[in-house]
Number of protein chains: 2
Amino acid sequence: MLGKKRVDVASSEEITRFLNVTPVQFRKDLSYFGGFGKRGVGYDVARLTREIERILGTDAAWKIAIVGAGKLGSALLGYSGFHELNLQIVAAFDSSPERIGKVRQGVRIESTSRMKDILRKKGIRIAVLAVPADFAQKVGEELVRCGVKAVLNFAPVNLVLPEGVSVSNVDMASELESLIYKLKGERA
Amino acid sequence: MLGKKRVDVASSEEITRFLNVTPVQFRKDLSYFGGFGKRGVGYDVARLTREIERILGTDAAWKIAIVGAGKLGSALLGYSGFHELNLQIVAAFDSSPERIGKVRQGVRIESTSRMKDILRKKGIRIAVLAVPADFAQKVGEELVRCGVKAVLNFAPVNLVLPEGVSVSNVDMASELESLIYKLKGERA
DNA sequence: GATTGTTTGTGAAAATCGGAACAATGTCCA
DNA sequence: TGGACATTGTTCCGATTTTCACAAACAATC
């Protein structure tokens with residue numbers, strides 16, 4: 001309880017102070033993969049980081065593609081959160097002729113007609129879908145035919161893809177609905 | 001079982017065909033708020049829509065503000081999902097002088113220094129945060145001082161705000177982490 | 001070295017969630 | 001009217017998740 005703070009070691013409570021999980025949950029989740037902490041001391045932050053990266057698979061670099069280079073797609077191309085994990089945006093696609101050929105954030109926007117070639121050649125298995133809602137389902141299915149195994153969908157539709165393909169729908173409207181619902185609850 | 005389809009009435013099974021919930025779950029959730037369906041028949045679609053909107057609070061219009069008018073913020077200004085709910089973007093803020101004063105999607109971008117005035121005057125309680133990660137926590141706290149009660153955070157940090165303020169972190173990186181983890185599992 | 005205080009890891013209890021089964025209620029048709 | 005069929009709303013139950021409680025392990029101090 002001295003003024004000296006060791007930044008290289010942190011307790012589960014200190015760590016979860018800025019996460020939205022409880023210390024117990026944090027410890028239990030970690031213990032499932034093995035005990036990385038020292039009792040009475042805490043967790044070696046450097047080692048913990050390495051272990052978590054190994055568990056999550058973010059120690060090796062993953063190549064991802066962004067499909068749809070409109071406003072949202074362009075924004076995602078520059079989104080810093082991807083780089084901080086080991087996610088490399090190595091391809092971008094759009095169907096609009098005036099966007100094809102342009103280079104954004106060092107990535108050349110290709111025609112969607114070339115998706116299969118490029119995705120297969122580069123061995124990309126993760127795609128971020130940022131096309132208008134009307135096209136999302138169709139393009140998503142095309143991605144599956146291109147060998148993609150995981151899709152992060154930003155279009156405001158519920159993307160449904162075959163078994164074996166992971167889909168994560170980032171539904172901003174739903175998130176806002178939840179917030180509104182909570183707000184209403186406080187009023188009542 | 002005739003060819004005639006009544007589009008004004010639908011069963012829970014028909015409704016959930018395009019949702020990712022089971023019919024039972026759908027009925028159970030609804031029954032928590034009251035029985036809106038007719039046994040043996042189904043749900044009156046028009047009424048169901050009204051009831052759900054009432055429950056979620058999207059029957060009345062909500063005014064929201066977007067803070068940060070960079071790539072992501074601009075994209076969100078044009079995001080169609082907001083309009084489909086009853087969410088009106090009535091204010092946008094940025095700290096960068098070259099963006100202030102510009103009009104995007106009919107909304108004038110104001111200086112962040114004017115946040116408190118405008119947010120309070122317009123009675124805005126919901127804000128969408130799309131600023132760089134380094135500023136997110138600071139700006140979020142400022143929003144709370146401006147009377148905001150719910151924040152949808154797009155910055156790749158875990159925003160923590162005081163009790164009584166709802167925070168929803170749209171963490172795209174986390175979503176991708178989950179996808180990667182699933183992908184790894186299939187490999188092993 | 002014993003003692004005290006701290007923190008992890010884990011086993012058990014509690015709560016929550018999702019699915020299956022079923023009774024209640026409605027339509028339709030003879 | 002009565003019977004066959006369809007669909008909701010609810011109860012029950014198993015599984016999963018979250019929380020609680022505590023023993024084990026470690027550091028620091030006397």
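Residue numbers start from 1 in every chain, and the chains themselves are labelled A, B, ... in the order their sequence lines are given, proteins ahead of strands.
- Rounded to whole Å, the distance from CZ on R47(A) to C1' on dT8(C) is 13 Å.
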| remark: Its dot-bracket string being built from Watson-Crick and G-U pairs below 3.5 Å, with | for another strand and [ ] for crossing, DNA chain D has the pattern ||||||||||||||||||||||||||||||
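- Considering only residues two or more places apart in sequence or on other chains, R50(B) meets the salt bridge (Lys or Arg N to Asp or Glu O under 4.0 Å) condition with none of them.
- Remark: Y43(B) pairs with F26(B) by the ring-ring contact (aromatic ring centres under 6.0 Å, His included) rule, at least two apart or across chains.
- OP1 or OP2 of dT8(C) has at least one side-chain nitrogen or oxygen of S12(A) nearer than 4.0 Å.
- Identified under the ring-ring contact (aromatic ring centres under 6.0 Å, His included) test for residues 80-101 of chain B, with sequence neighbours left out: Y79(B)-F82(B).
- Taking V41(A) as the reference, V9(A), K38(A) meet the side-chain contact (heavy atoms from CB on, under 4.5 Å) condition, with sequence neighbours excluded.
- At whole-Å resolution of the value, CG in D44(B) and P in dT27(C) are 13 Å apart.
- One interatomic measurement links the two molecules: CZ of F26(A) to C1' of dT17(D), which rounds to 18 Å at whole-angstrom precision.
- Take R47(A) and apply the side-chain hydrogen bond (donor to acceptor under 3.5 Å, both in side chains) test, not counting sequence neighbours, and it matches E51(A).
- Remark: C1' of dT17(D) and CG of N20(A) are 16 Å apart, rounded to the nearest angstrom.
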| query | Reading nucleotides 9-16 of chain D 5' to 3', which nucleotides get B (base under 4.0 Å from a protein heavy atom), which S (sugar-phosphate only), which -? | reply | BSB-----
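- The minimum heavy-atom distance between S74(A) and R104(A), with the atom names listed, is OG-NH1, 2.5 Å.
- Applying the side-chain hydrogen bond (donor to acceptor under 3.5 Å, both in side chains) test to S178(B) and every residue at least two apart in sequence or in another chain returns nothing.
- Shown here are the salt bridge (Lys or Arg N to Asp or Glu O under 4.0 Å) partners of E110(A), two or more places apart in sequence or in another chain: R108(A), R114(A).
- At least one side-chain nitrogen or oxygen of Q25(B) sits closer than 4.0 Å to the OP1 or OP2 atom of dG19(C).
- Atoms CG (D8(A)) and P (dA27(D)) sit 13 Å apart, rounded to a whole Å.
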